[in-house]
Amino acid sequence: MLLLFDLDGTLLKTDKTISYKTIEAIDRCKETGHLIGISTARSESNSEKFLTQVKPDLIISSGGAIVRFRGNIIYEAGFTKEETKKIIETALYIGGEEREITVDTIDAHYWNYKILPAEQDASWGETVYTNYKNFAYSALKICVQLPNDFYAEEIAKSVDDCNHIRFSDGEWYKFSKAQATKGMALTNIIKKINCSLEDITAFGDDYSDIGMLKMCGKGIAMGNAIDEVKEIADEVIGTNDDDGISEWLEKRILNV
């Protein structure tokens with residue numbers, strides 16, 4: 001069985017830490033033969049602190065744009081250099097030159113930030129500052145700070161096969177290739193490892209987790225999840241701040 005955890009709002013508490021109780025429960029699940037996976041909208045570089053703690057077998061990062069199984073890339077779906085440039089140019093034109101944008105590449109996380117990211121979130125990994133002039137990299141994922149859906153829809157139209165989704169905790173929208181979703185990542189994972197969708201239990205809390213939770217044998221919503229996630233989940237557990245995951249693992253997997 002594969003246990004698959006989103007990070008922010010799920011495995012991470014509000015203070016962006018993973019409780020000792022949760023780490024201990026995950027480690028014991030590994031000992032029983034369970035595979036452990038992380039599925040996050042964060043890039044790998046911005047998840048490094050937590051990946052070191054959890055030591056997962058599987059990593060779905062940048063919202064499903066790239067998947068690694070035991071260190072090897074088994075799936076990738078990103079924008080070309082030209083598409084990346086077009087989205088950035090459109091975002092700056094529509095949203096204004098002061099619009100904040102983040103870009104995940106396979107090697108780094110870029111941001112034209114106004115406030116040092118570590119001052120906003122101490123858990124944030126390494127970020128490279130850029131003003132996006134002459135930016136010439138292929139993107140796995142692009143996030144833009146926008147006031148409403150209209151702007152996001154116009155940006156998404158600038159290239160083919162571009163999806164966008166809003167994060168529930170701020171005015172940020174994620175842009176990715178249509179094939180770069182957590183759900184699509186799962187479809188490719190089961191082709192590469194000895195696992196079926198019925199063998200996967202996934203935990204999540206936000207819009208980008210909905211497809212993943214629907215597909216898996218068991219989709220678990222956190223107590224702090226948005227209503228849309230709770231409505232499609234097979235089960236709703238305790239919140240991320242109340243050790244909801246560790247309590248579920250102890251009861252359902254470890255028989256404590």
Colleague: Would you say the ring centers of F79 and F175 fall short of 6.0 Å from each other?
Modeller: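 Aromatic pair excluded; centres sit 6.0 Å or further apart.
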
Colleague: Under a 4.0 Å N-O cut-off, is there an ion pair linking R166 with D149?
Modeller: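 D149 and R166: not salt-bridged.
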
Colleague: With a 4.0 Å cut-off, would you call K157 and E154 a salt bridge?
Modeller: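 Answer for the salt bridge query: yes.
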
Colleague: May I ask you to say whether D241 pairs ionically with K13, meaning some side-chain N is under 4.0 Å from a carboxylate O?
Modeller: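 Salt bridge between D241 and K13, a charged N being under 4.0 Å from a carboxylate O: no.
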
Colleague: I'd like to know if the side chain of N148 reaches the main chain of Y151, judged simply by a donor and an acceptor atom lying under 3.5 Å from each other, with no hydrogens or angles considered.
Modeller: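 At least one qualifying donor-acceptor pair exists.
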
Colleague: For the residue pair W111 and W172, categorise the inter-ring angle as parallel (less than 30°), tilted (30 to 60°) or perpendicular (more than 60°).
Modeller: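 Ring orientation of W111 relative to W172: perpendicular.
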
Colleague: For the backbone of V159 and the side chain of K86, can you confirm whether one donor and one acceptor N or O come within less than 3.5 Å of each other?
Modeller: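 Not confirmed, K86 side chain does not pair with V159 backbone.
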
Colleague: For the backbone of S208 and the side chain of D206, can you confirm whether one donor and one acceptor N or O come within less than 3.5 Å of each other?
Modeller: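 Between the backbone of S208 and the side chain of D206 there is no qualifying donor-acceptor contact (under 3.5 Å).
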
Colleague: Classify the angle between the aromatic ring planes of W248 and F203 as parallel (below 30°), tilted (30 to 60°) or perpendicular (above 60°).
Modeller: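 Ring orientation of W248 relative to F203: perpendicular.
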
Colleague: Measure from the side-chain N and O atoms of K114 to the backbone N and O of E98, and report whether any donor-acceptor pair falls under 3.5 Å.
Modeller: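 Flag set: sc K114 to bb E98 pair under 3.5 Å.
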
Colleague: Which class fits the ring pair F135 and Y132: parallel under 30°, tilted 30 to 60°, perpendicular over 60°?
Modeller: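 Geometry flag for Y132 against F135: perpendicular rings.
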
Colleague: Roughly how far, to the nearest 0.5 Å, is the OG1 atom of T10 from the CG atom of D205?
Modeller: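 Between atom CG of D205 and atom OG1 of T10 there are 3.5 Å.
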
Colleague: Is the side chain of T84 donor-acceptor paired with the backbone N or O of A139 at a distance under 3.5 Å, no angle test?
Modeller: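 Yes, because the side chain of T84 sits within donor-acceptor range (under 3.5 Å) of the backbone of A139.
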
Colleague: Keeping the roles fixed (side chain from R99, backbone from Q145), state whether a donor-acceptor pair exists under 3.5 Å.
Modeller: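 Checking the backbone N and O of Q145 against the side chain of R99, a donor-acceptor pair under 3.5 Å is found.
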
Colleague: Is the backbone of A108 close enough, under 3.5 Å, to the side chain of T105 for a donor and an acceptor to pair up by distance?
Modeller: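 Yes.
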
